[in-house]
Amino acid sequence: MTDFVPKDLNYWITEGQKMVREQQNRIKRAKNWKFDTIATHGVYDLTEALNSNSGSIMEPIYMSPAQAYHDSGEMEAALSYQMPTWCYTRIANPSNYYLEATTALLESYGTGLEASSLATASGMSAIRTATDPFLVKDDNYPPPNFVASAKVYGGSFQQFWVRRWQEQGVEVRWVKNPTKFEEWEKEIDEGTRFVYGEFPSNPSVDIFDIQAIADLAHKHNIPLIVDATCASPALTRPLQFGADIVVQSASKVMAASGLTILGLLTSRKNIVSKIGSDEMKADFATWAKLWPYRDNGPAINPMACIMALNDIRSLKMKIAQMSRSAQLIAEYLENNPKVETVYYPGLKSYTAHDMATKYMQLVDSDENLYGYMLSVEIKENQADSTVNTRKFYDGLDMIWRATDLGRVKTVATLNAISTHQQQGAEGRALASIKPNAVRISLGIEDPQDIIADLEKGFNNI
Ligand SMILES: *Cc1c(COP(=O)(O)O)cnc(C)c1O
């Protein structure tokens with residue numbers, strides 16, 4: 001037994017207000033810093049370290065499923081969300097909070113906006129959590145549909161096409177060429193609940209005009225949701241250009257060392273939506289955390305959160321090295337006689353190069369960098385043949401053959417037989433996935449060694 005004298009509900013509500021002020025002060029302090037400093041320190045300071053973790057300079061990993069309370073008053077205040085609490089790891093956890101608060105600061109960096117973030121068990125669950133609340137039944141509107149770029153990650157394609165549409169009857173309207181504004185415009189109607197795009201897309205590295213599509217969505221009183229996994233906040237922060245919600249498969253470059261999978265959902269304050277409560281629109285990520293995330297259960301392990309946070313500290317330098325390599329290697333591939341086409345936003349030959357230049361820039365610098373991922377089509381002797389492509393691919397020695405990207409190690413993927421196998425020829429045509437396309441995600445190795453390995457592949461043809 002402790003000699004603690006139990007307090008009442010009001011005492012704890014006042015304590016809670018003090019805790020909120022302390023959290024806000026840490027956020028305010030971090031907002032004065034540059035991107036790299038925020039990524040390194042986030043909201044974990046000396047007071048927090050001394051109060052909660054014996055002075056540990058690194059954020060603690062709280063593996064406990066649950067939090068204990070001093071007395072019934074504190075439990076009541078906490079469980080009615082009248083004071084900050086983590087209570088049970090399916091709802092919240094201090095380790096997860098360090099990651100979420102840092103992510104919100106990075107995604108809103110340089111925008112003057114306030115944002116909040118929610119960490120989820122995977123990128124797919126972040127997408128599900130970001131989109132679910134807009135697809136609810138609402139008798140004021142026709143049955144829901146949503147408009148999405150067809151140039152999306154294979155898993156997102158499946159979630160939208162199979163899970164949403166085929167199984168649940170929520171229509172997805174595909175935009176085949178996301179650089180064309182009119183294609184988005186003509187799909188939106190009274191039933192449309194949100195607009196969804198990937199920037200740049202995986203694996204075809206397509207982009208879209210974030211600002212124009214955000215304006216279009218807002219004109220219809222609906223939000224724009226952007227998956228910016230293949231850019232990361234070190235290059236592109238969609239909130240800055242009007243997006244309402246950003247999702248990251250943080251399994252990729254945000255956790256580039258590859259020790260975990262996870263997703264991150266970030267929303268600006270006061271999103272635009274014709275659906276949902278005022279509370280939901282005021283702070284979508286926090287609302288999602290307190291209600292549907294709690295009830296649906298896509299919770300993330302605190303260990304994964306700290307693994308990711310540790311990687312995020314050095315995000316900018318990794319993105320810089322990977323993107324500079326990607327540029328060099330895209331140029332090398334473009335000049336290779338065994339190559340048909342190279343898709344990389346940093347190439348002059350890339351159709352939307354100017355648009356990419358507007359949206360992709362290394363944070364806190366004036367260097368235009370175009371990300372870590374490129375797609376290369378290998379020359380074949382006949383249409384739909386994959387003979388040379390497979391020889392090239394199987395001849396790689398150091399570069400990993402895997403369905404992965406954003407990794408510190410360079411990885412190559414044959415998308416037509418892996419990530420985009422299940423969606424069939426029709427789905428692949430919609431997403432422009434050719435059988436001879438190889439996606440290459442550049443790591444942080446010396447680019448000369450990467451080129452030497454690609455040479456081994458070409459020499460195998
Ligand atoms: C990998 C990926 C996802 C899915 O994320 P998981 O963490 O694997 O669930 C979503 N979007 C993009 C662009 C991706 O590359």
Side-chain angles (χ1 to χ4, degrees), residues 99 103 107 117-132 148-164 172 178 196-208 210 225-236 238 243 245-266 293 296-301 304-305 307-308 311-312 319 322 326 343 345 359-360 370-375 400 402-407 411-413 415 418-423 431-433 437 439-443:
L99 171 67
T103 303
E107 288 285 8
S117 295
L118 168 62
T120 60
S122 67
M124 291 321 301
S125 60
I127 294 167
R128 189 84 198 188
T129 308
T131 53
D132 259 346
S149 167
K151 306 291 173 60
V152 291
Y153 171 67
S156 311
F157 192 95
Q158 287 288 120
Q159 186 181 105
F160 293 167
W161 180 267
V162 181
R163 308 274 92 85
R164 287 284 188 210
V172 51
Y196 185 96
E198 219 170 83
F199 191 102
S201 71
N202 169 12
S204 56
V205 277
D206 278 284
I207 61 170
F208 66 97
I210 302 174
I225 303 173
V226 179
D227 178 341
T229 298
C230 298
S232 95
L235 287 186
T236 306
I245 298 172
V246 183
V247 289
Q248 298 279 351
S249 168
S251 321
K252 311 295 166 50
V253 78
M254 298 202 45
S257 303
L259 298 173
T260 185
I261 67 163
L262 78 157
L264 289 164
L265 176 171
T266 304
Y293 173 86
N296 293 327
I300 179 166
N301 187 316
C305 287
M307 294 281 191
D311 246 327
I312 287 172
I319 277 282
M322 291 164 149
Y343 298 95
Y359 289 114
M360 304 182 88
Y370 300 89
Y372 53 87
M373 195 174 72
L374 59 85
S375 178
W400 294 97
T403 57
D404 198 10
L405 73 149
R407 210 53 65 220
V411 174
T413 311
N415 295 93
S418 58
T419 55
H420 287 69
Q421 192 220 107
Q422 289 174 9
Q423 63 196 58
S432 314
I433 312 297
R439 179 186 71 196
I440 302 178
S441 170
L442 281 307

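What's counted below: heavy atoms across the whole structure, side chains too, no hydrogens, waters or symmetry copies. Atoms within each ligand, like the ligands themselves, are counted from 1 in listed order.
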Using a 4.0 Å cutoff against the non-hydrogen atoms of [X], which atoms of ligand 1 qualify?
X      : answer
Gly123 : 5 (O), 6 (P), 7 (O), 9 (O)
Ser122 : 7 (O), 9 (O)
Glu198 : 13 (C)

What heavy-atom pair brings [X] and [Y] nearest, and what distance separates the two atoms?
X      : Y      : value
Ile210 : Tyr359 : N-OH, 3.2 Å
Lys151 : Ser204 : CD-OG, 3.7 Å
Ile127 : Thr131 : O-OG1, 2.8 Å

Could you check [atom] against the protein and tell me its nearest heavy-atom contact, residue, atom and distance included?
atom                    : result
atom 11 (N) of ligand 1 : Asp227 OD2, 2.6 Å
atom 1 (C) of ligand 1  : Lys252 NZ, 1.4 Å
atom 7 (O) of ligand 1  : Ser251 OG, 2.5 Å
atom 4 (C) of ligand 1  : Tyr153 CE2, 3.3 Å
atom 5 (O) of ligand 1  : Ser249 OG, 2.8 Å

Handout entry: Lys252 charged N/C atom sitting above Tyr153 aromatic ring, 6.0 Å / 45°
Key =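 Verdict for Tyr153: a cation-pi partner in Lys252.
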
Handout entry: N/O donor-acceptor pair under 3.5 Å between Asp206 side chain and Ser201 backbone
Key =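 Judged by distance alone, no pair lies under 3.5 Å.
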
Handout entry: Any donor-acceptor pair under 3.5 Å from Thr413 side chain to Ala402 backbone
Key =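 Checking the backbone N and O of Ala402 against the side chain of Thr413, a donor-acceptor pair under 3.5 Å is found.
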
Problem - Geometric N/O contact Leu405 with ligand 1, under 3.5 angstrom - result: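 No: no nitrogen or oxygen of Leu405 is under 3.5 Å from one in ligand 1.
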
Practice task
May I ask you to check whether Thr120 and Arg128 show a side-chain donor-acceptor distance below 3.5 Å?
Solution key: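 No, Arg128 and Thr120 have no side-chain donor paired with an acceptor closer than 3.5 Å.
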
